[in-house]
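Comments concern the structure below.
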Amino acid sequence: MEYSTAARVNDSVTQFKVYEDYLDSKVKPMDLFYLKSRELARKLVEHGHKGTVLSREEFEEKKAAAQAAKSNTFYSRSRPMTLASAGKELKDNFLKALAEREEANRSGKMTSVIFIRDHNTLGQEVSGYIDYAHRLKTQDFEPYFSGKMRLMPGRSDLCYYNWKTQVSTSNSSPNFEVIYDDPNGLLFKNKRDKKILNVDPMSGPGEDSNRTFLQSDLYIHVVIYDHNIRTV
């Protein structure tokens, strides 16, 4: 069952009410003994001095995904599709573009890949590629469309790179396989129709795909790649 899988993935964060509680779970009594400050101990954990730790964005992302997955169990598949963007007054071009693509990504007619480059809450420049359809299934997007949260790439997305720490990750999603060792550069292979999405700005995006560059007041750089699924 889809919910059960998502719940297992995000279960590690559901036990914590806020991010600070999550950091505290990784602070040892010996750390407090030597540092004499819980706040300093938290900062050491958050900045990765105590092993691999979720960033604040990733924690919020996983927590929201767990809550959304839990909420979905109370609704039947036969109910009309509810769009998170419905009724929202959207002023930024990026949010408008996401709203225009929400229904198609939820229904499976389209799978969009979002490229974002901006600074995280620590002021570090990060960039990455997000499987929009997959995020819609695992997260509540209402806070994004309401302006309460900013959509940012994380280490669990298709690709992620932190320009300060040089941490780099790549993960295939239910919709795309990541091909990062191709001579043509980074590629995404759609798992349904096996067609290639090319994100190289100097090349065409590929068959049944489109590339849209957006000017946004919310981010330094945003691009959306739309892959249309043809039905036989």
Side-chain angles (χ1 to χ4, degrees), residues 10 13 16 18-24 26 39-65 68 84-85 88-99 101-102 112-136 138-171 173 176 178 180 185-186 188 199-202 211-225:
N10 298 293
V13 301
F16 305 111
V18 294
Y19 184 60
E20 284 70 24
D21 292 342
Y22 166 72
L23 294 178
D24 285 343
K26 298 187 176 297
E39 189 62 32
L40 179 57
R42 285 174 177 169
K43 287 188 179 298
L44 288 175
V45 170
E46 184 176 5
H47 292 181
H49 296 288
K50 301 290 290 182
T52 302
V53 176
L54 295 175
S55 67
R56 186 177 294 273
E57 288 97 338
E58 289 166 334
F59 174 84
E60 297 294 347
E61 170 193 325
K62 290 182 180 294
K63 193 170 179 66
S85 58
K88 302 292 189 302
E89 185 180 351
L90 306 173
K91 297 181 180 179
D92 188 77
N93 291 331
F94 175 63
L95 294 180
K96 288 179 182 177
L98 291 190
R101 293 161 171 79
E102 184 182 2
S112 300
V113 172
I114 305 165
F115 173 79
I116 290 176
R117 179 168 67 90
D118 208 85
H119 295 93
N120 62 18
T121 55
L122 297 176
Q124 301 165 337
E125 184 174 331
V126 299
S127 59
Y129 293 88
I130 298 169
D131 181 341
Y132 184 35
H134 179 52
R135 279 278 203 114
L136 283 170
T138 58
Q139 271 192 279
D140 177 8
F141 261 65
E142 196 279 333
Y144 296 127
F145 286 118
S146 297
K148 299 172 186 174
M149 291 176 60
R150 282 199 320 148
L151 181 66
M152 289 290 287
R155 284 180 282 189
S156 60
D157 284 308
L158 289 170
C159 287
Y160 168 84
Y161 185 66
N162 185 310
W163 295 83
K164 173 72 173 178
T165 64
Q166 297 188 348
V167 169
S168 175
T169 63
S170 64
N171 309 277
S173 72
F176 290 99
V178 181
Y180 53 85
L186 180 66
F188 297 115
V199 296
D200 182 352
M202 304 304 292
R211 179 192 292 116
T212 304
F213 295 94
L214 293 166
Q215 287 283 70
S216 171
D217 294 329
L218 304 177
Y219 302 93
I220 295 174
H221 189 193
V222 177
V223 185
I224 299 181
Y225 301 85

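Computed from heavy atoms alone, side chains included, the values below leave out hydrogens, waters and symmetry copies.
You'll find the side chain of Leu98 reaches within 4.5 Å of the side chain of Ile114, heavy atoms only. When side chains are defined from C-beta on, Leu186 counts as touching Tyr129, because their heavy atoms get closer than 4.5 Å. Under the 4.5 Å side-chain criterion, counting only non-hydrogen atoms from C-beta, Gln166 is in contact with Tyr161. Side-chain contact between Arg56 and Glu20 is present, with at least one heavy-atom pair separated by less than 4.5 Å. Counting only heavy atoms from C-beta outward, the side chains of Arg135 and Glu61 approach each other to under 4.5 Å.
Between atom CD of residue Glu57 and atom CG of residue Leu122 there is a gap of 7.0 Å, rounded to the nearest 0.5 Å. Expressed to the nearest 0.5 Å, how far OG of Ser112 lies from NE2 of His134 amounts to 14.5 Å. Interatomic distance, CD1 of Ile220 versus CD of Glu125, reported as 5.0 Å (0.5 Å rounding). To the nearest 0.5 angstrom, Ser146 atom OG is 11.5 Å from Glu89 atom CD.
When all heavy atoms of Ser55 and Arg155 are compared, the closest pair comes out as N-NH2, 3.8 Å. Taking all atoms of both residues into account, the shortest heavy-atom contact from Glu142 to Ala84 is N-CB, 3.7 Å. Between Phe94 and Asp92 the shortest heavy-atom distance is N-OD2, 2.9 Å. Between Arg211 and Asp200, the closest heavy-atom pair is NH2-O, 2.8 Å. Nearest heavy-atom pair across Ser127 and Trp163 is OG-NE1, 3.1 Å.
At least one donor-acceptor pair closer than 3.5 Å links the side chain of Glu102 to the backbone N or O of Ser85. Between the side chain of Asn171 and the backbone N or O of Leu158, no donor-acceptor pair lies under 3.5 Å. Within the 3.5 Å criterion, the main-chain N or O of Val126 finds no donor-acceptor partner in the side chain of Asn162. With hydrogens and angles disregarded, no donor-acceptor distance shorter than 3.5 Å links the side chain of Tyr219 to the backbone of Arg150. The backbone N or O of Ala133 lies less than 3.5 Å from no partner atom in the side chain of Arg101, so there is not a single donor-acceptor pair. For the pair Asn93 (side chain) and Gln215 (backbone), a donor-acceptor distance under 3.5 Å is present.
Between His221 and Phe213, the ring-plane angle classifies as parallel under the 30° and 60° cut-offs. Ring geometry for Phe176 versus Phe188: interplanar angle over 60°, hence perpendicular rather than tilted (30 to 60°).
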Could you go through Asp217 and Lys91, starting from their C-alpha distance and side-chain angles, then the distance that decides it, and tell me whether this counts as salt bridge (Lys or Arg N to Asp or Glu O under 4.0 Å)? CA-CA 10 Å; Asp217 294 329; Lys91 297 181 180 179; over 6 Å; no
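For the pairing with Ile130, the side-chain contact (heavy atoms from CB on, under 4.5 Å) check across Ser156, Pro153, Cys159 returns one residue only, Pro153.
Taking the six-membered ring wherever Trp is involved, the centroid distance between the rings of Phe141 and Tyr132 falls below 6.0 Å.
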